[in-house]
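Scroll down for the structure; my scribbles are underneath it.
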Amino acid sequence: MAHLESMRYRKQPGGNVGHDEATVISGMSSVAAGTPTTLDSDDAYGADGAAGLHSDLGYSYEKKDLDFSSGNSNTLAPFAAGDRQHQRFCISRNQWIALGFIVLAAAYVRLWRLSNPAQVVFDEVHFGKFAGKYLNGTYFFDVHPPLAKMMFAAAGKLAGYDGVFDFKSIGLDYIAANVPYIGMRLMPALLGLSMVPITYITLAALGHAADACALGALLVCFENALLTQSRLILLDSSLIFFTGLTVMFWALFFTESHRPFGNRWWGYLMLTGVNLGNALSCKWVGLFLIATIGVWTLKDLWEKLGDLSITPAQYFRHFAARAVALIVVPVVVYLFWFQVHFSVLHKSGDGNAFMSPEFQNTLDGVNLGHTPRDVYFGSRVRIRHDATNAGYLHSHLSNYETGSKQQQVTLYGFRDDNNYWVLTRTEADEEAYQNSTKSHELQQIKNGDTVRLLHWRTHRRLHSHNERPPVTTNDYQNEVSGYGWEGFNGDSNDHWRVQILEGDPSIPDSKKNLMAIHSKFRLIHINQRCALFSNRKKLPKWAHEQVEVSCMKSAKFPKTLWRVEANINENIPAKAPLAEYRRPSLIEKVLEATAVMWRVNNGLTKSHPYESRPHTWPWMRRGMAFWGSDNRSIYLLGTPIVWWLSFAAVILFAGVQVVMFFRDRRGFHDRLLGARERYMESVGFSSVGWVLHWVPFFLMGRQLFLHHYLPALWLAILALVGSLDLFTRRLSRKVRQVIMFALLLATVRMYFQYSHIAYGSPWTRQGCERSKWFKSWDYDCFRFPELGTTTPVASGLKPNVPEVPMPTIGAPDIGGEPVAIARNKNGEAAQHVPPPAQNFDPLEHENKLNEPAPEIHQDQLNSNSAKLDLEMKKKATTVKPGNSDAAATTNEEHD
């Protein structure tokens, strides 16, 4: 990546320009200090470090790719013609002073009224609660990696949060509960504030003039969406902060390209890798950042491959250094933060249900114990569904209300006696065994054996037939039930073949012989040729809201795998080998957690009133409600001119590249006012990063929101400022400054206009309505009072009463008009207003599946036993055409 330097020049006799106390703020220069540079060069363009130079001087370099010059960090010392020295990247004292004032202004903007509102806002519901779980050490599951949440926990600990307040819903009062919420919000606010100097330094390292660097920092300072997101207990501030650090150190790394393998070169490269890992450890959007750095690394290595001054040994060193710093280091950082995460969350908690028994076995308070390893005919076993961790194969004295109306077979997540089944032989095999000479010996169950499963408490056999399940009514799925009564020997629909698919590599026989814990097996129904299956679908209330079990034809392996967790047989010798769940390694735990996060993320398809699709983000079609009260509201909406111009800058870059490509093919090698290489290296990098942070969202079917665009927005701002800097360097100082000042003035004006919904401060209805440039900007203006009044009139809201999140009338029409709900006033329908603020719960569906099923009163069920027997016998004696369970007698007939 070539870099340019910004300097002050003085006019030399003869119309030439020479260096005069040049201040190198960034980039590379091969022009010798004091060496004249011609004014009429084809590659000329402006490069003034502070505010640009007057156009009658002209700005030029003799080479398109400029190198650093070494020497004093503030001036370029003269040296003999033909010598080359390289100056280190440096920011002048005046620029540091200017940056200091910018940071002070940003501190006021970002930290003003941080205490407002003193209520739970949007997804503070989740991330505040997670901070409390870290402080209590109880294990929980979330769809995001742990770093940002641990940072909130650390901030809460320093602020005095005790982990008791549960952040249960939007609008809960922090002050009444004595929650140190300001200290917790201060952490993301400081990270958001840090993006201002990070933006300045990044632009400087990319080779831009000081006035452009200041403009970029101020645009980030006054951008409303970045402001809103950074003032709350939300993850995106951490993600954007580490994204900014990564890009900044990456740009600084290239400023040391003429000193490869030096201390600073290594330092910047390693810090790039560390912050790549940090970004990935906050949210998986960090993968897009890794892709961005990866693309530019490949470009850099490709260019070095064609540099004949680099030997093969040197090239290998470059390759290896980048592989270690940009692949190994991020992975190590990712694993490190997960290790901290697991170490802190060492107690059993509500996240257990998402994880495997092996994982749960590492938590305090979980004791899965051990059991005899070898499983024999006659053993009483507890069988766990392996793929979903939803529970155990279960039955009880309740019948289905649909289908065959036989006894229910379900998955149940808690251990009780109704989870036990006795593994027996088929009628013919039992008779042959009793007549053999080995009838007194234990017979271990092997792969391919046919078994029957007798429910230990109710004495019904596991059974399947050509009936549809109660919830999943597909033709390729059959009902699974408990069938039989006292004195009935069963039939062939009770027969299941054991198919062992996986075993423990340390115990080779576990794939041949059925072993508790070690063997993962399927149960294949002999007659229907279907596999015992579950996909975590809940049954109705009449089935106690337990999880459905069915028999599925051509089912995928993962959801048909089962394991014996407990094995009881009085005839097993006391010294028989035992089996227990092993404790997984760190990498195995991370891989399992990552797999569960991926599965849950892909399942986030439920609609939300403020979800949006990626094609609407760059032009900011719609924002997102975070919180609302009487005459105040927080609504995520960006600064329009920044969003639209930054998007235009990226589109302009793409268009220019296409035009330049075809003109190059025609033999026109345009220089773009001498800024072509700089444009490609600076704006090109930002634009590629923007594409890689935006386009992948089109591939996602999950819920998406406007805040997912914020990392791409920051990169687009870099592209905007870079384009403006490079294409105005030929203009006079006054014109250049007028353009930059006009953009800044418009940004500040819009910041003040939309600050009411960023800070949650009072507003008027007239001001709110005037700010709506599009109807799709659906923040609720009816909650604000008319000009000259103190309370909202038409909204129907009582003063000082927090708005409780309300359901919507149907799902949003993505890409169409926003959904509106009816708000009642005096018991009558009122005007349609936007949906209220609602938090997004990514685990809502999963938690419903994992919540305990209602308690079953066994005494009441047992009293129904005789009645259920009579009903089953009566049904068996009734011939039903087309039903394989129909029989003519109650004795030995096959159902």
Side-chain angles (χ1 to χ4, degrees), residues 6 46 48-55 94-95 97-112 192-193 195-200 202-204 208-228 230 618-620 623 637-650 652 683 686 713-714 716-759 761 763-764 766-768 770-774 777:
S6 288
D48 181 71
L53 292 175
H54 199 274
S55 61
N94 289 339
Q95 288 177 282
I97 294 173
L99 179 56
F101 282 112
I102 293 173
V103 171
L104 288 177
Y108 179 79
V109 170
R110 295 303 180 101
L111 303 180
W112 184 68
L193 171 61
M195 287 304 296
V196 173
I198 286 173
T199 302
Y200 189 104
T202 301
L203 287 168
H208 295 291
D211 52 357
C213 298
L215 176 64
L218 288 169
L219 292 182
V220 171
C221 169
F222 291 106
E223 206 293 306
N224 287 76
L226 295 175
L227 164 67
T228 304
S230 68
W619 53 285
M620 203 170 58
L637 190 73
T639 304
I641 193 170
V642 174
W643 284 57
W644 298 340
L645 288 182
S646 62
F647 178 50
V650 175
L652 175 64
V683 180
S686 302
L713 171 67
W714 181 72
I717 292 174
L718 296 184
L720 168 63
V721 175
S723 300
L724 186 63
D725 174 39
L726 294 175
F727 290 131
T728 60
R729 287 191 177 185
R730 279 278 190 160
L731 302 178
S732 68
R733 176 180 180 179
K734 182 179 294 185
V735 173
R736 175 182 166 95
Q737 288 186 337
V738 166
I739 294 173
M740 290 188 173
F741 184 76
L743 174 57
L744 178 59
L745 185 63
T747 300
V748 174
R749 173 67 182 84
M750 292 180 185
Y751 154 75
F752 281 109
Q753 184 175 18
Y754 296 101
S755 63
H756 304 279
I757 54 176
Y759 294 114
S761 57
W763 207 2
T764 64
Q766 288 82 354
C768 177
R770 283 195 303 268
S771 71
K772 284 191 174 183
W773 296 5
F774 299 104
W777 293 359

Does atom CZ of Phe774 have more than 12 heavy-atom neighbours from other groups under 6.0 Å away? yes
Closest heavy-atom contact between Gly722 and Val683? C-CG2, 3.7 Å
Is the ring centre of Tyr759 less than 6.0 Å from the ring centre of Trp112? yes
Do side-chain atoms of Arg736 reach the backbone of Asp725 as a donor and acceptor pair under 3.5 angstrom? yes
Which atom of Gly216 lies closest to which atom of Leu203, heavy atoms considered: CA-CD1, 3.8 Å
Just jot down the ring pair (Phe, Tyr, Trp, His ring centres under 6.0 Å) partners of Tyr200, sequence neighbours excluded, or say none. none
Partner set under side chain to side chain donor-acceptor pair (under 3.5 Å) for Gln753, not counting sequence neighbours: none
Does any non-hydrogen side-chain atom of Met740 lie less than 4.5 Å from one of Leu724? yes
Quick one: does Ser732's side chain have a donor or acceptor within less than 3.5 Å of a partner on Val735's backbone? yes
Looking only at heavy atoms, which two atoms of Val650 and Ala719 are closest? And how far apart? CG2-CB, 4.2 Å
Nearest-0.5 Å distance that lies between atom CG in Leu219 and atom CG in Leu718: 10.5 Å
Which atoms form the tightest heavy-atom contact between Val220 and Arg110, and what is the distance? O-NH2, 2.7 Å
Can you tell me if Ser230 uses its side chain to pair, donor with acceptor, with the backbone of Leu227 under 3.5 Å? yes
Drop me the distance from Leu193's CG to Tyr108's OH, to the nearest 0.5 angstrom. 14.5 Å
Check ring pair (Phe, Tyr, Trp, His ring centres under 6.0 Å) between Trp714 and all other residues, then give those that pass, not counting sequence neighbours. none
Thr228 to Ala758 - nearest heavy-atom pair and separation: OG1-CB, 3.3 Å
Verify, without hydrogens or angle tests, whether Trp777 (side chain) and Met620 (backbone) share a donor-acceptor contact under 3.5 angstrom. yes
Backbone of Asn224 reached by a side-chain donor or acceptor of Thr639 within 3.5 Å: yes
Just wondering, do Glu223 and Trp643 contact through their side chains at under 4.5 Å, heavy atoms? yes
If you round to the nearest 0.5 Å, how far is OG1 of Thr199 from CG of Leu215? 11.0 Å
Quick one, His208 and Val721 - any side-chain contact, counting heavy atoms below 4.5 Å? no
Closest non-hydrogen contact found for Ala649 with Leu720 is CB-CA, 3.6 Å
Quick one, Val642 with Phe222, criterion side-chain contact (heavy atoms from CB on, under 4.5 Å). Give me CA distance, side-chain angles, the key distance, then yes/no. CA-CA 10 Å; Val642 174; Phe222 291 106; over 6 Å; no
Donor-acceptor check, side chain of Thr764 to backbone of Gly767, threshold 3.5 angstrom: yes or no? yes
Would you compute the distance between atom CG of Leu743 and atom CG of Leu218 and round it to the nearest 0.5 angstrom? 10.0 Å
How many angstroms lie between CD in Gln737 and OG1 in Thr728, if you round to the nearest 0.5 Å? 10.5 Å
May I ask you to decide if Ser771's main-chain N or O and Tyr754's side chain share a donor-acceptor pair within less than 3.5 Å? yes
Is the ring pair Trp644/Trp773 parallel, tilted or perpendicular, if the boundaries are 30 and 60 degrees? tilted
Working to the nearest 0.5 Å, report the span between CG of Asp211 and CD of Gln95. 9.5 Å
